[in-house]
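Right, one structure below, let's go through it.
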2 protein chains.
Amino acid sequence: MPDMNFAPIHAAPAGQPLYKAVARALLGAIESGQLKAGDALANEGELARDFGVSVGTLRKAVDELVAAQILLRQQGRGTFVATHTRDRFLFQFFQVQSLEGAKEFPQVETLDCTRGKADEAEAHKLGIRQGEAVLRIRNRLHLRGAAVVYDRICLPARLFKGLTEKRVLDRPSTLYHLYQVGFGVTVVRAQERLRAVACSREAARVLGLAAGAPVLQVHRVALGLNGQPVEYRVSTVDTAHHEYVSDLSPA
Amino acid sequence: MPDMNFAPIHAAPAGQPLYKAVARALLGAIESGQLKAGDALANEGELARDFGVSVGTLRKAVDELVAAQILLRQQGRGTFVATHTRDRFLFQFFQVQSLEGAKEFPQVETLDCTRGKADEAEAHKLGIRQGEAVLRIRNRLHLRGAAVVYDRICLPARLFKGLTEKRVLDRPSTLYHLYQVGFGVTVVRAQERLRAVACSREAARVLGLAAGAPVLQVHRVALGLNGQPVEYRVSTVDTAHHEYVSDLSPA
DNA sequence: CCCAATTTGTTCGTATGTATA
DNA sequence: TTATACATACGAACAAATTGG
């Protein structure tokens, strides 16, 4: 654990509660890289002294980040910056299951990885200017050997300096894990918009379908810790034998 | 506010924290109808005395039910049993928006309401026996005058004794609001499974589409307070000019 | 296997701030 | 203005889980 020093928060309480200010300070340490994924935080008593708040207030701040899955607490061990493991992303961001409902991890085949300039749609979704440098990745996902999903992914190059095709192809785990450990970009949530469309010739070729067959098209904008868009992804899903699963829980 | 009496919880702490026991006691009062939607709870100090716990513990119990949208707290006013208003359901359970992203409330047209026996799929989804009595409702939803969604709804008759076609047709608000105020059935979450399919002749007729056009098919199981299925609904969505919106947030 | 140290989890009680009626 | 109710903050004590000796 890196021995960090947090400044006391006398807090300009501009209507803002103290525990929220503490939470933002912790978040800032993570965003700026002073705390990396997997790092342990100092214990609650020490953190409370550093910030100059009570243990209860410190706990309430940590509660918020735990609820957002940014921190992870384990009784008897400590508090850690969440690591985006294979399983974590499987459950949070991969919604496709077989009709029988079995959760399977997809086998990912990266087709290519190129550089380009953002078109109008990409710029709008990513909140950048049209023509800004972007990286594009195309994936084909297999479940039980069958090609089911075709992904076209677009990343703002500014956030991923030094990302090469080799690093994408050689990644040991998911893309989101690579974003986090390689570039400090942590995806915490995503907004998806779904439509049923007739399959394009390009997608039909990649998935081995007849052009015009009904397929599910998913437009995803993935958001980072600060709520900024970090990825725009268009997925085409063959739902002949699979489904997209959504849980409508209280916000 | 009904003057309720909660028994002190000496709690068989079978590993279970006190605040969870308090939360379940409150939930029980709601499920059993002692507390109805919209009712105010006694203030925190009084509730804490009734339960024989500290205010902090009582607050932590209420925190859980507030997070689940079962209770609603308002500073300076009190704590209330959540009412499923038009707006509440709009945001939690109606996911269809126009391509431009405008949130609109749909105009609902109820086509018919009949009685029958559960087929195999309905029985499985609702967790009841095949052949058990069910109610079926068919709706057509319009957005800006255009027919966009066709719903086939199936309810276990056991949970909705006394539900007549007239009550369905004359409901002042949403179906879920009718479930709650009329039958004490509160929908708190739902699980949906989505596929892109070729439009059936039946759905094509209702929505005014060409049979075979790609449409989004949504299978929803709505769950009550205790997690039991209370409704099974198959929606067919014309996504030519609309989208299904999903937010992937940390669980 | 047990013991002790460490760390988070739960519970208590109190005081003060803020929104509402 | 006053009273009420929830929101925030403090500090203390004990319980439960983990780790290492």
Side-chain angles (χ1 to χ4, degrees), chain A residues 1-4 6 8-26 35 38-82, chain B residues 1-4 6 8-26 35 38-82:
Chain A
M1 78 192 109
D3 63 325
M4 307 233 355
F6 287 103
I9 297 192
H10 342 288
Q16 187 176 227
L18 192 49
Y19 74 89
K20 293 236 181 209
V22 173
R24 284 200 310 117
L26 286 169
L35 284 171
D39 282 353
L41 272 65
N43 70 56
E44 297 180 335
E46 189 171 330
L47 280 179
R49 277 195 304 280
D50 288 351
F51 282 116
V53 302
S54 75
V55 180
T57 301
L58 184 276
R59 278 187 66 81
K60 194 157 181 179
V62 173
D63 281 345
E64 288 220 325
L65 301 180
V66 168
Q69 307 243 21
I70 293 166
L71 295 180
L72 172 68
R73 275 201 288 219
Q74 287 180 262
Q75 185 176 169
R77 296 220 323 136
T79 304
F80 307 86
V81 180
Chain B
M1 78 192 106
D3 63 327
M4 307 232 356
F6 288 103
I9 297 192
H10 342 289
Q16 188 176 226
L18 192 50
Y19 73 91
K20 293 239 181 206
V22 173
R24 283 200 310 118
L26 286 170
L35 283 171
D39 281 354
L41 273 64
N43 71 54
E44 298 180 333
E46 189 172 330
L47 280 178
R49 277 195 304 279
D50 289 350
F51 282 116
V53 301
S54 75
V55 181
T57 300
L58 184 277
R59 275 187 69 80
K60 197 160 179 176
V62 173
D63 281 345
E64 289 220 323
L65 301 180
V66 168
Q69 306 244 20
I70 293 166
L71 294 181
L72 172 67
R73 274 200 287 219
Q74 287 180 260
Q75 185 174 358
R77 296 221 320 137
T79 303
F80 308 86
V81 180

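Worth saying up front: this structure is predicted, and the values here are computed from it rather than measured. Chain letters run A, B, ... following the sequence lines, proteins first and then strands; every chain starts at 1.
The separation between B:Leu58 atom CG and C:dT11 atom C1' is 13 Å, rounded to whole Å. We find that CG of B:Asp63 is positioned 11 Å from C1' of D:dC6, with the value rounded to whole Å. The distance from atom CD1 of B:Ile9 to atom C1' of C:dC12 is 16 Å, rounded to the nearest whole Å. Regarding A:Gln16, its CD atom lies at a distance of 16 Å from the C1' atom of C:dT18, rounded to whole Å. Atom CG in B:Leu72 sits about 12 Å away from atom P in D:dC6, given to the nearest Å. The CZ atom of B:Arg73 sits 14 Å away from the C1' atom of C:dA19 (whole-angstrom rounding). Rounded to a whole Å, the CZ atom of A:Phe80 is 10 Å from the P atom of C:dT7. Between the C1' atom of C:dT8 and the CD atom of A:Glu46 lies a distance of 15 Å, rounded to the nearest Å.
Toward the 5' end of DNA chain D, the nearer of the two residues B:Glu44 and A:Tyr19, judged by each one's closest nucleotide, is B:Glu44.
Ranking D:dA9, C:dT11, C:dG9 by closeness to the A:Leu18 side chain, first place goes to D:dA9.
Considering only side-chain N and O atoms, B:Thr79 lies under 4.0 angstrom from the phosphate OP1 or OP2 of D:dC6. Contact between the side-chain N/O atoms of A:Lys60 and the OP1/OP2 oxygens of D:dT8 is found at a separation under 4.0 Å. When the side-chain nitrogen and oxygen atoms of B:Arg77 are compared with OP1 and OP2 of D:dT4, none of them lie within a distance under 4.0 Å. Contact annotation: B:Arg59 reaches the phosphate of D:dA7 (side-chain N/O to OP1 or OP2, under 4.0 Å).
The CG atom of B:Asp63 lies 10.0 Å from the CG atom of B:Leu58; values are rounded to the nearest 0.5 Å. Interatomic distance, CG of B:Leu47 versus OG1 of B:Thr57, reported as 13.0 Å (0.5 Å rounding). Considering CZ of B:Arg73 and CG of B:Leu65, their distance stands at 9.5 Å, rounded to 0.5 Å.
Residue A:Ala82 comes nearest to A:Gln69 through the heavy atom pair CB-O, 3.2 Å, listed as atom of the first residue, atom of the second, then distance.
Proximity of B:Val81 to B:Leu71: side-chain heavy atoms (C-beta onward) are separated by under 4.5 Å at one or more points. Side-chain contact check for A:Leu26 versus A:Leu41: some heavy-atom pair is nearer than 4.5 Å. Contact check for A:Tyr19 versus A:Val53: no side-chain heavy atoms found under the 4.5 Å cut-off.
Annotation: proximity of residues 48-57 of chain A to DNA chain D (heavy atom, distance under 4.0 Å) is found for A:Val53, A:Ser54, A:Thr57, numbered in ascending order.
Between the side chain of B:Gln75 and the base of C:dT20, no donor-acceptor pair under 3.5 Å is found.
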